[in-house]
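Okay, so here's the structure we're looking at.
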There are 2 protein chains.
Amino acid sequence: MIELSGNQQHGNRATGRAENLAEGIYHKLKQDIFDFRLLPGDRFTESDVAGRMGVSRTPVREALFRLQRESYVEVLYRNGWRVRPFNFEYFENLYDVRTILETAAVKRLCEQEQGAAQLEDLKRIWLVPASERLTDMSSLSALDERFHEMLVEAAGNDEMARIHREISEKIRIIRRLDFTKPPRVEATYLEHGKVLKAIMQRRADEAQMMLRAHIEESRREVRKITLHMLYSARADADRDAM
Amino acid sequence: MIELSGNQQHGNRATGRAENLAEGIYHKLKQDIFDFRLLPGDRFTESDVAGRMGVSRTPVREALFRLQRESYVEVLYRNGWRVRPFNFEYFENLYDVRTILETAAVKRLCEQEQGAAQLEDLKRIWLVPASERLTDMSSLSALDERFHEMLVEAAGNDEMARIHREISEKIRIIRRLDFTKPPRVEATYLEHGKVLKAIMQRRADEAQMMLRAHIEESRREVRKITLHMLYSARADADRDAM
DNA sequence: GAGCACCTTCTTGTACACAAGTTTGAGTGC
DNA sequence: GCACTCAAACTTGTGTACAAGAAGGTGCTC
């Protein structure tokens, strides 16, 4: 079985205890932002959210503070909250850090004497005949995110993996736009395969180069379509609200 | 004038507004942990802190949640809070990530056509005759932390700098133990100087090697004395409490 | 004396009331 | 019509009361 959801322990399933209200609201709000139900720049109040979710302001504030620290929203002193406006430099910077962490992880993977178990999982997913490839865009987008996360996890540094996972989540909102065109899907399979093979052959420089090129390619695609997608998402939401 | 305190905007000085209670409690609690007034493993309750600080539980909870997300403390379900026990693997991992980020930053600095302004500040501090060197341990410890932070800041990626700053803060509690012996002070001046000179000469590989060796040296020192220091700090605190 | 059930106490989680401060717009003077 | 004043309506920040649940001690049973 392949772990797709990451290890972020949504609702304390490990202890069998139900998740807090604050925790649930945190995830709901974040999903609202990811799905453009809350658009960058949108303003709202704590009471809005509390009313909509049917809870008091207390857990809402807890969730908002967490989202604020992760820079998804910001508070205006005694004047409401708003979803953080889009900032392309911010995403560019995150892409850079992501590249740094992933190439460092890949280098380590090539230097480790025994291959990490996670690598086997990745091979089973990405090194498959063309006929067995997934074509569903949204699954593929999630799978791509997991590919990169698992590369870092395989390197064995939990803190590096945690930081990388946070970055991955932050850029998810624009990254999945990469998977709207079929050619990129095929390229993704190809490029992931090359990275994995290079790692298996312990060719650190080659693996890093492949990975860097792959991320750069994806970033270039995303750069082209982001603005357009963003505006159409906004237009859709506006139309729905009328 | 050299900026020593980082740019973490303690009390919204930019807007001239007084800081929140929660913000103040957050900083006080974190300082308590850094100064071993709160020891790893220590348990406490929200009411304890609220009473001690003379506020209600609300801002205390806000501060605690933030400290929890930064993994300084952890909550035990309906059973109080505790300072996160020491975990050496955790610090080792953070040291690794720090090294990755700093070497990447240095590489960029060597590749940038025009030198960053921050580098000039660093030269004025670290490339001085032996007679002008600081000897006060605690100032030097802070200055050392700023050296590494400014290296990353100079690379121009705000997110990378933010992540690095968070890591720096987390390892501060053990890192400053490096500055208890005079020989390390001299070595620090020497090693920082070498890194800066290599950057000025655009020798990326050499600069990275120097930096990596410097961090490794510091880490080795810290590894040796951490356990001892930790236990004596605990003993001191216990004696004070009697 | 040992083990177990129960109950008290204490802890966090949530709701709600009030305080402090910002925005907005109606109303007034000119 | 325009600028200004001022107050009402909101919004976040903080304090407080209550709910849900865990821990530990106490007394009872055997």
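To find a chain, count down the sequence lines: A is the first, B the second, and so on, and within it residues start at 1. Values below: all heavy atoms of this structure, side chains included; hydrogens, waters and symmetry mates excluded.
A search for salt bridge (Lys or Arg N to Asp or Glu O under 4.0 Å) contacts involving A/Asp136 returns nothing, not counting sequence neighbours. Applying the salt bridge (Lys or Arg N to Asp or Glu O under 4.0 Å) criterion to B/Asp35, with sequence neighbours excluded, gives B/Arg37, B/Arg176. Shown here are the salt bridge (Lys or Arg N to Asp or Glu O under 4.0 Å) partners of B/Arg108, two or more places apart in sequence or in another chain: A/Asp96. Residues meeting the salt bridge (Lys or Arg N to Asp or Glu O under 4.0 Å) test with A/Glu46, sequence neighbours left out: A/Arg57, A/Arg61.
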**Study point:** Protein proximity profile, nucleotides 11-16 of chain D - base contact B, sugar-phosphate-only contact S, no contact -, cut-off 4.0 Å on heavy atoms
**Key:** BBBBBB
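Applying the salt bridge (charged side-chain N to carboxylate O under 4.0 Å, His left out) test to pairs two or more places apart or on separate chains, those with a residue in residues 75-90 of chain B are B/Glu74-B/Arg82.
Computed from coordinates, the B/Glu74 CD to C/dT11 C1' distance equals 16 Å when rounded to whole Å. Remark: C1' of D/dG24 and CZ of B/Arg43 are 12 Å apart, rounded to the nearest angstrom.
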